[in-house]
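Have a look at the structure below, then the notes.
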Amino acid sequence: MDYDFRKIEAKWQKRWAEEKTYKVVEDSSKPKYYVLDMFPYPSGAGLHVGHPLGYIASDIYSRYKRLCGFNVLHPMGYDAFGLPAEQYAIQTGQHPEKTTDENIARYRSQLDRIGFSFDWDRSVRTCDPEYYKWTQWAFIKMFKSWYDPAMDKARPIAELIDRFEHEGYDGITPQQWKAMSEKEKSDTLMNYRIAYLGETSVNWCEELGTVLANDEVKDGLSVRGGYPVVQKKMAQWQLRVSAYAERLLAGLDKLEWSDSLKEMQRNWIGKSEGTEMVFDTECEGRHLPITIFTTRADTVFGVTFMVLAPESPLVQELTTSGQKAEVEEYLQYVSHKTERERQAETKNVTGVFSGSYGINPLTGEKIPIWISEYVLSGYGTGAIMAVPAHDSRDYVFARKFNLPIIPLIEGADVSAESFDAKEGTMMNSGFLNGMPVKQAIEAAKDYVEAHGLGRRKTNYRLRDAIFSRQRYWGEPFPIYYKDGIPTPLPDSELPLRLPEISSFRSQHGEAPLERAKDWTYKGYPLETSTMPGFAGSSAYYLRYMDPHNDSELVSADADRYWRSVDLYVGGTEHAVGHLIYSRFWNKFLYDIGCVCEDEPFRKLVNQGMIQGRSNFVYRKVGTNTFVSVGLKDKYETTEIHVDVNIVHGDKLDLEAFKAWRPEFADAEFELENGEYICGWAVEKMSKSMYNVVNPDEICETYGADTLRLYEMFLGPVEQSKPWDTKGIDGVHRFLKKFWRLFFDRDTLLVSDAKPSAAELKALHTLIGKEQEDIESFSYNTNISAFMIAVNTLTELKTSSREILEPLVVLLSPFAPHMAEELWEALGHSDSVTKAAFPEFNPALIVEDSVKYPVSFNGKMRFTVDLPKSASPAEVEAAVKALPDTARYVGNQTIVKVIVVPGRIVNIVLK
RNA sequence: GCCCGAGUGGCGGAAUGGUAGACGCGCUGGACUCAAAAUCCUGUGUCCCUUAAAGACGUGUGGGUUCGAUUCCCACCUCGGGCACCA
């Protein structure tokens with residue numbers, strides 16, 4: 001019987017589904033392990049070979065952990081709310097639910113073909129009301145909570161109301177509180193709630209008709225669609241993520257994530273420890289203290305001007321009547337610029353003088369106050385002290401407007417550029433003179449605090465997450481407006497289902513839900529925006545633990561058993577979006593006692609992207625003649641993408657090319673050595689570049705086991721690499737060889753013969769390597785080890801069951817279909833999934849050499865590593881060689897001399 | 001500009017202080033075959049050389065540490081990723 005992968009794979013996929021082989025239930029007798037993939041957004045294009053890379057890696061890990069005796073939770077679901085489905089609906093009038101269902105069905109069948117060990121009974125989809133009920137539930141919890149800085153955690157809002165009523169809080173006295181109207185009370189509480197409604201400047205995308213989060217915008221364009229994004233002031237629902245900044249930062253230390261990913265999160269959180277300092281200012285006789293934030297308190301002696309953000313409310317206060325016209329003109333100019341334009345023109349310095357002056361608190365000098373767009377209103381206090389000598393932005397500004405520059409660090413040359421580094425010795429700085437910069441910063445902070453000029457302050461760049469989207473295909477907010485006061489629905493009304501609407505297009509910033517009929521609760525209007533994509537993906541890993549529970553997000557029992565995700569596999573593109581929001585969401589649930597772990601993803605592996613490898617043909621301009629790549633420079637040619645599926649090893653299939661598109665039917669060719677060689681490039685895998693490779697085709701030609709093996713053999717999981725089928729025959733050949741260890745045509749070769757030492761060595765080398773490699777995700781080297789083992793065993797003509805049986809178990813995480821088939825052939829009625837990982841015996845793999853401990857000088861110990869066959873004379877010779885080389889050893893204590901047959905190679909220090 | 005990460009044969013890559021290039025692809029020659037496919041065997045870093053032996057060189061570049069460096073340190077170059085007026 002030959003290796004008939006089509007038959008074998010279909011047979012086992014059917015059986016796994018029928019017998020629910022991968023169904024998992026909580027089992028306190030076994031240790032648990034939770035392996036999670038980032039669930040996909042089911043797009044219309046279906047899966048290409050890049051998508052399953054991470055799924056294959058995590059599936060191998062899950063199967064390995066099962067063999068090791070763990071109760072493994074390995075679920076899969078769909079992130080099904082989102083813009084593309086809605087955009088498609090706008091274009092075609094099809095309901096997004098319909099296209100989403102179709103796409104999911106397609107994804108499911110593609111995934112099933114690859115042989116994953118998901119427990120599909122636990123599958124979730126974010127657009128399912130039974131699922132988004134819990135997204136809405138969590139939102140209400142956030143609405144009903146505030147962040148208590150004293151306890152450093154979220155607490156019920158009732159506690160805050162109680163404080164306002166009885167003792168007062170944050171400058172509001174009980175008397176003031178009691179005097180407030182309901183609306184005023186509601187507005188006040190909005191300043192504290194974790195989920196709150198607030199006026200804010202948002203990224204508005206006219207084309208998409210919605211606001212976007214900062215991580216949904218890149219270079220002033222929307223990440224999805226690439227449409228322009230502008231700034232606009234709007235009342236939006238927001239999540240107080242910033243309250244968790246310090247905990248989100250500190251929590252990173254405990255996580256097994258890559259350094260680069262942690263670093264990205266740290267940058268995004270952007271902690272900055274500095275000083276808030278008060279400068280007195282004077283505008284037409286009125287005095288107004290303004291607060292600035294700086295990390296360089298040591299440079300106050302070099303402050304020669306101050307700058308306000310154009311959006312700062314202080315601008316109105318500090319503009320003198322003489323400057324009013326000029327300032328107004330500048331504000332007009334700034335307001336007409338989009339965020340994109342502001343970013344694009346960072347070198348073009350603009351600004352205007354306000355007319356008023358501030359007083360340097362240390363020198364008492366009068367310094368002008370300017371207004372410029374280079375100061376951001378959203379960070380710090382929206383006002384800065386400018387030190388042109390030691391800040392490059394202030395320097396450029398000072399040069400442009402001829403403001404004085406005072407150097408404060410000895411030897412710093414500020415004639416051409418500023419000296420930003422925090423090093424050197426202070427000068428021109430009063431009591432700080434002579435100090436190194438770092439020391440001066442601390443001394444200045446102390447001085448400022450001691451003299452009541454300001455205080456130490458930590459700022460974070462992390463902003464609150466804007467949570468409203470003016471679109472249809474998302475979770476509706478469980479909020480209604482009772483006399484204008486936002487009020488949550490009672491839990492018993494959840495889920496609040498998405499209403500039907502007639503047209504999906506939004507106009508003039510009006511949300512699609514505004515057109516829904518009877519979108520009210522008890523006669524009061526319901527909120528018309530919907531939640532963003534990250535809402536549904538923030539706690540999905542919890543729902544997998546207990547997916548059918550309709551009274552709780554997750555039961556305490558299920559949560560205590562599964563706790564958190566042990567291994568999370570996904571791409572880096574979610575580094576600062578999903579992975580921040582999810583951690584925030586989880587920490588909130590932790591605060592309210594809903595979950596028992598405060599970090600959701602203990603270990604995270606980022607799989608690399610699989611890029612496409614595009615092929616090109618070259619058409620002579622004005623003709624229908626195509627020249628091979630080596631000849632293209634002789635003519636003027638146009639480069640044209642050609643479907644990679646009609647190119648094999650960069651050689652174009654001429655007939656297939658003529659048939660590809662009508663305009664090439666009568667194409668002519670100029671060949672090289674009788675062949676047409678295509679050019680190539682590594683690009684993103686996409687339809688428009690004709691470089692998409694579909695996993696179904698690979699499964700059809702080579703089988704799912706080959707696909708799995710090949711994707712892993714391509715290189716390290718974390719690395720990005722182009723898809724290139726050149727090597728796929730190699731792994732396919734390996735599987736056929738593996739098969740032939742067991743079968744010669746129809747004859748099963750397995751016997752009860754005792755294994756030889758060489759056979760045991762080959763097996764146990766592999767067992768040891770597999771343990772090590774899977775734990776470190778070095779799947780590619782492990783497959784190499786498999787190839788070596790199979791070659792050795794083939795050569796040894798192994799038939800021993802004691803070798804072959806464990807070998808099948810070792811193969812099963814990588815090529816589960818073949819492993820099941822062979823396992824059954826070996827006489828097992830149970831799935832190979834239920835087998836145990838073979839026990840590793842390192843004694844069976846020792847080298848044919850022996851270590852001779854040798855003392856030297858009574859102090860150092862040497863280990864001489866010699867072949868067993870070495871004669872005493874050879875050992876002596878090796879040892880005699882030691883003193884010469886050992887001279888260099890100094891106070892090292894152990895030295896190993898590696899002896900390859902006949903010659904001393906080197907010494908090992910330990 | 002700032003912060004990460006990476007540079008090894010014709011190609012994907014292996015080796016984390018100890019015989020560089022495992023394993024696979026490709027290519028060379030051969031066996032089987034009428035032939036092909038499939039399968040198996042052989043060789044395959046570069047230079048010198050008809051070939052082989054022997055030798056020299058060789059992990060982006062230049063220095064350093066070490067008996068010994070692809071691996072550790074410093075500087076530079078190139079590529080990839082992230083952040084980018086965050087005071």
Side-chain angles (χ1 to χ4, degrees), chain A residues 2 218-219 258-268 270-272 274-275 292-297 299 306-307 309 342-343 345-349 372-376 378-387 390-394 396-397 417 420 459-463 572-573 575-576 606 608-609 649 682 709-710 713-716 718-734 736-737 740 778 780-791 794-795 865 882 884-890 892 895-901 903-910:
Chain A
D2 271 344
K218 198 172 164 62
D219 300 330
S258 71
D259 290 340
S260 65
L261 202 99
K262 286 190 191 180
E263 203 53 36
M264 271 190 235
Q265 291 221 339
R266 286 193 191 103
N267 288 339
W268 194 257
K271 182 176 182 171
S272 162
T275 314
I292 58 93
F293 176 76
T294 180
T295 53
R296 293 294 301 273
T299 59
M306 296 176 77
V307 188
R342 275 215 210 177
Q343 276 175 6
E345 299 170 18
T346 53
K347 287 182 200 92
N348 192 2
V349 188
S372 172
E373 58 180 331
Y374 86 89
V375 174
L376 306 176
Y379 184 78
T381 60
I384 62 154
M385 63 177 213
V387 186
H390 302 291
D391 182 287
S392 46
R393 296 153 303 182
D394 297 345
V396 174
F397 194 84
E417 56 180 3
D420 291 12
N459 265 338
Y460 299 91
R461 250 151 83 177
L462 186 69
R463 309 289 166 82
T572 16
E573 66 271 23
V576 289
N606 286 118
M609 260 204 312
V682 172
L709 230 34
Y710 185 57
F713 190 61
L714 224 43
E718 292 95 333
Q719 195 174 302
S720 286
K721 54 238 156 186
W723 177 260
D724 186 350
T725 37
K726 258 200 259 163
I728 199 163
D729 290 308
V731 287
H732 190 62
R733 219 168 279 164
F734 157 74
K736 287 198 272 191
K737 267 189 198 175
R740 283 200 302 272
S778 307
N780 55 333
T781 56
N782 196 232
I783 293 167
S784 296
F786 255 108
M787 290 173 172
I788 296 168
V790 167
N791 281 340
T794 304
E795 214 165 291
D865 199 330
L882 286 173
D884 278 324
T885 50
R887 266 198 299 258
Y888 304 101
V889 168
Q892 303 277 355
V895 176
K896 180 180 170 194
V897 179
I898 292 182
V899 181
V900 287
R903 106 180 199 253
I904 294 179
V905 172
N906 238 324
I907 307 168
V908 181
L909 312 182
K910 285 221 170 153

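Every chain is numbered from 1, with letters handed out A, B, ... down the list of sequences.
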* **Pair partner, G80(B) [Watson-Crick or wobble, under 3.5 Å]** => C4(B)
* Counting N and O atoms only, with roles assigned by atom type, does the side chain of N459(A) sit under 3.5 Å from a partner on the main chain of S272(A), one being a donor and the other an acceptor? -> no
* Starting at atom CD1 of I728(A), determine the distance to atom P of G13(B), rounded to an integer number of angstrom. => 16 Å
* Spacing of D259(A) atom CG relative to G81(B) atom C1', expressed in whole Å -> 15 Å
* Side chain of F713(A) - closest among A22(B), G12(B), A87(B) -> G12(B)
* Asked: So do M306(A) and I292(A) actually touch side chain to side chain, heavy atoms under 4.5 Å?
  -> yes
* Structure fact -> Taken to the nearest whole Å, CG/N791(A) to C1'/C23(B) is 10 Å
* Structure fact -> CE of M385(A) to CG of D394(A), rounded to nearest 0.5 Å, is 8.5 Å
* Asked: Distance between the P atoms of A20(B) and G60(B), in whole angstroms?
  -> 16 Å
* To do: Can you tell me the pairing partner of C40(B) across any strand shown, Watson-Crick or G-U wobble, with both distances under 3.5 angstrom?
  => G30(B)
* Structure fact -> Considering only heavy side-chain atoms of Q719(A), the closest of U39(B), G24(B), G13(B) is G13(B)
* Which of the following nucleotides, C85(B), C40(B), G82(B), is nearest to the side chain of K737(A)? -> C40(B)
* Asked: Nearest to the side chain of I788(A), which nucleotide is it out of A84(B), C23(B), A87(B)?
  -> C23(B)
* Asked: For D420(A) and S392(A), what are the C-alpha separation, side-chain angles and deciding distance, and is it a side-chain hydrogen bond (donor to acceptor under 3.5 Å, both in side chains)?
  -> CA-CA 7 Å; D420(A) 291 12; S392(A) 46; 3.0 Å; yes
* **Donor-acceptor contact below 3.5 Å, side chain T572(A) vs main chain A575(A)** => no
* To do: Based on the glycosidic angle (syn within 90° of 0, else anti), state the conformation of G64(B).
  => anti
* Kindly point out which of U39(B), G13(B), A87(B) is positioned nearest to the side chain of P716(A)? => G13(B)
* Taking the P atom of each, how far is A69(B) from G17(B), in whole Å? -> 14 Å
* Between A87(B) (P) and H390(A) (NE2): distance, integer Å -> 17 Å
* Are any of the side-chain heavy atoms of H732(A) and Y710(A) separated by less than 4.5 Å? -> no
* To do: Could you check which nucleotide pairs with C48(B) in any of the strands shown, counting Watson-Crick or G-U wobble with both distances under 3.5 Å?
  => none
* Does a side-chain N or O from Y379(A) land closer than 4.0 Å to OP1 or OP2 of A87(B), or not? -> yes
* **Atom-to-atom span, CG of L261(A) to P of G81(B) - whole angstrom** => 16 Å
* Could you state the CG-C1' distance from N606(A) to C4(B), rounded to the nearest angstrom? -> 13 Å
* Go through C4(B), A38(B), A87(B) for me and flag the one nearest to the K736(A) side chain. => A38(B)
* If you measure from the P atom in C73(B) to the same atom in C85(B), how many Å do you get, rounded? -> 32 Å
* E373(A) side chain: which of A87(B), C40(B), C85(B) is closest? -> C85(B)
* Under 4.0 angstrom between N780(A) side-chain N/O and A14(B) OP1 or OP2 -> yes
* To do: Starting at CD1 of I384(A), measure out to OH of Y379(A) and round the result to the nearest 0.5 Å.
  => 12.0 Å
* Name the nucleic acid region contacted by I384(A), choosing base, sugar-phosphate or nothing; use a 4.0 angstrom heavy-atom cut-off, strictly under. => base
* Can you tell me the pairing partner of G24(B) across any strand shown, Watson-Crick or G-U wobble, with both distances under 3.5 angstrom? => C11(B)
* To do: Return the nearest nucleotide to the side chain of W268(A); candidates are A87(B), A14(B), C83(B).
  => C83(B)
* Structure fact -> Per atom distances to the S260(A) side chain, the nearest of C4(B), C40(B), A14(B) is C4(B)
* Of A785(A) and T781(A), whose closest RNA chain B nucleotide lies nearer the 5' terminus? -> T781(A)
* To do: For U28(B) versus G10(B), give the span between their C1' atoms, rounded off to a whole number of Å.
  => 14 Å
* If you measure from the P atom in A14(B) to the same atom in G24(B), how many Å do you get, rounded? -> 15 Å
* Atom-pair distance (CZ on R266(A); P on G5(B)), nearest Å -> 12 Å
* Structure fact -> Among the nucleotides C25(B), C23(B), G82(B), whichever has the atom closest to the side chain of R733(A) is C25(B)
* Asked: Whole-Å distance between C4(B) P and E263(A) CD?
  -> 6 Å
